[in-house]
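Notes follow once the structure below has been shown.
Computed from a predicted structure; not experimentally measured. To find a chain, count down the sequence lines: A is the first, B the second, and so on, and within it residues start at 1.
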Number of protein chains: 2
Amino acid sequence: MAAIRASQSPKINRKAATIPHASAGPTVDVRCVLFTVADGKLLVALDQREGTASLPRSLPVANEPLDATARRTIRESTGLQEQYLEQLYTLSFRDSDGWSVIVSYVGLIYAGPETDALARSIWFDTHSLPKLSGADEKVIEYALLRLRAKLGYTNIAFHLLPRAFTLTELQNAYESILGRRLDKRNFRRRAIASGILQSTNQQRREGSHRPAALYRFRAEHDPADYLTPAWADEA
Amino acid sequence: MAAIRASQSPKINRKAATIPHASAGPTVDVRCVLFTVADGKLLVALDQREGTASLPRSLPVANEPLDATARRTIRESTGLQEQYLEQLYTLSFRDSDGWSVIVSYVGLIYAGPETDALARSIWFDTHSLPKLSGADEKVIEYALLRLRAKLGYTNIAFHLLPRAFTLTELQNAYESILGRRLDKRNFRRRAIASGILQSTNQQRREGSHRPAALYRFRAEHDPADYLTPAWADEA
DNA sequence: GCAAAAGTGTTGTGTATACACCCATGG
DNA sequence: CCATGGGTGTATACACAACACTTTTGC
């Protein structure tokens with residue numbers, strides 16, 4: 001607990017602050033970890049320009065809010081519109097391209113058969129990822145950690161499903177992310193109790209077994225985005 | 001669920017990506033919300049250069065990790081060494097100085113009588129803050145929200161106390177942050193049960209009443225930093 | 001002996017977990 | 001009629017909230 005008031009010099013700070021642009025500050029680059037679930041696998045979207053794979057990324061254009069950059073990145077790189085987006089973490093990184101500040105986002109999306117067909121090549125199983133840069137690897141790893149943790153106290157997994165879904169599909173999404181099986185009765189009880197399920201009166205019949213009831217997600221009761229500040233990103 | 005594959009043009013993206021430096025990207029600036037507790041009040045540290053108050057801030061110097069920038073900012077602005085530091089949120093902001101990306105951090109510290117004396121002027125009660133920029137106001141508001149939420153599932157408030165403390169002091173810290181009174185017996189039971197209290201065998205006698213047992217915080221059992229990625233910030 | 005803060009247990013209520021069988025359908 | 005996944009209830013353990021009095025000290 002020794003005194004710390006040593007290097008009190010705000011020289012660099014002040015100087016740079018007066019000429020904010022064109023200084024040797026870091027480049028800001030936005031990267032998105034976009035997840036989807038298919039066949040009981042948790043998949044992540046990667047770009048594969050020039051052989052090596054990498055997270056979808058881009059630089060913010062002038063005065064573009066970071067959230068908008070993230071959404072644009074996802075659109076440009078996958079052609080899809082994410083259903084949920086949350087800022088993950090910001091880190092600085094030094095590599096061959098110079099000095100970057102990476103603002104990372106996590107997105108969730110349902111990639112059904114249609115979209116799957118046109119964009120299949122970009123999806124990679126999180127359990128067998130291709131070679132990635134160190135930064136991308138860490139960002140993905142952390143995104144997974146946070147996504148799993150968040151399943152415990154939010155209903156975020158709804159965003160991985162189509163508008164109408166069965167409880168079994170919902171449970172499969174949870175199990176894919178968590179990597180373990182859940183008890184059917186307990187899962188259904190909690191899902192119903194959470195109050196964010198709206199029971200449509202439709203059913204889905206497929207295969208030689210009892211048809212499943214279809215539900216919708218009541219977005220207005222979703223407490224999932226409480227981690228994102230209300231103002232989010234304005235300019 | 002209409003098809004979204006509209007603006008597939010990664011023009012801007014690609015172009016900017018090839019000349020990352022010297023472009024008109026945003027300035028990156030790190031701001032710290034440093035909290036302390038005194039007299040049952042939750043206080044935040046503000047700089048008051050040139051009349052208007054603002055959060056302590058600075059620009060990262062070349063290749064400096066963001067966490068290091070945050071720690072340096074706190075040292076330079078308060079002369080103190082924070083006891084806990086966590087990244088809060090990153091937002092972009094447009095103001096008179098141009099286009100900035102603000103990486104915000106929350107720090108916790110114990111500001112005892114000694115430190116209080118030399119730095120008293122910088123501390124402001126969170127319930128009566130001076131006029132601040134819109135960005136700073138929002139960052140503080142969000143920091144408070146997150147700090148309160150975090151008290152529910154972590155033991156983060158220990159970082160607001162001196163090395164040895166009484167359970168009553170700990171409870172006061174919680175109450176100052178939450179803004180409501182807690183039940184003494186329940187509070188103590190949970191604090192003990194959490195396993196991060198190490199009972200020193202010392203007591204503190206002050207005033208005409210029974211002396212209080214002193215405890216220490218077992219940092220190695222602190223699950224508080226699980227929100228921060230293991231790699232945190234390397235370059 | 002009294003004022004002032006420290007310290008201490010029990011009970012009810014709600015929430016999470018473990019666990020096994022019948023139902024509706026297609027072929 | 002059988003294979004397949006859909007759907008249902010109960011008992012137990014644990015976590016949390018409400019609640020009041022005794023203890024030790026300084027003066």
Candidate nucleotides [options], ranked by approach to the side chain of [X] - the nearest:
X: A/Thr168; options: D/dC16, C/dG9, D/dG6; answer: D/dG6
X: B/Arg185; options: C/dG7, C/dT8, C/dT17; answer: C/dT8
X: A/Arg189; options: D/dG9, D/dT23, D/dG7; answer: D/dG9
X: B/Lys184; options: C/dG9, D/dT8, C/dA6; answer: C/dA6

Problem - N/O (side chain, A/Arg204) to phosphate O (OP1/OP2, D/dG6) under 4.0 Å - result: no
Exercise for the section: Establish, with yes or no, whether the OP1 or OP2 oxygen of C/dA6 is under 4.0 angstrom from a side-chain nitrogen or oxygen of B/Arg205. Expected result: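 No, because none of the side-chain N or O atoms of B/Arg205 sits under 4.0 Å from OP1 or OP2 of C/dA6.
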Whole angstrom value for the distance that separates [atom2] of [N] from [atom1] of [X]:
X: B/Leu182; N: D/dC16; atom1: CG; atom2: P; value: 14 Å
X: B/Tyr153; N: D/dC16; atom1: OH; atom2: P; value: 15 Å
X: A/Ile192; N: D/dG6; atom1: CD1; atom2: C1'; value: 13 Å
X: A/Gln203; N: D/dG5; atom1: CD; atom2: C1'; value: 13 Å
X: B/Tyr215; N: C/dA6; atom1: OH; atom2: P; value: 12 Å
X: B/Arg210; N: D/dT24; atom1: CZ; atom2: C1'; value: 5 Å
X: A/Glu169; N: D/dG7; atom1: CD; atom2: P; value: 11 Å
X: A/Glu206; N: C/dT25; atom1: CD; atom2: C1'; value: 12 Å

Problem - Side chains of A/Asp47 and A/Ser77, donor plus acceptor under 3.5 Å - result: yes
Exercise for the section: Flag yes if more than 12 heavy atoms outside B/Arg204 fall under 6.0 Å of its CZ atom; otherwise flag no. Expected result: yes
Completion exercise
Ranking B/Arg190 and A/Pro211 by the position along DNA chain D of their nearest nucleotide, the one closer to 5' is A/Pro211
Completion exercise
Between A/Phe217 and the options A/Arg163, A/Gln198, A/His159, the side-chain contact (heavy atoms from CB on, under 4.5 Å) test singles out A/His159
Handout entry: Residue whose nearest DNA chain C nucleotide is more 5′ - A/Ser208 or B/Arg188
Key = B/Arg188
Exercise for the section: Of all the heavy-atom pairs spanning A/Ala191 and A/Leu170, show the shortest one and how long it is. Expected result: CB-CD2, 4.4 Å
Handout entry: Shortest non-hydrogen contact from A/Thr73 toward A/Pro56
Key = CG2-C, 3.5 Å
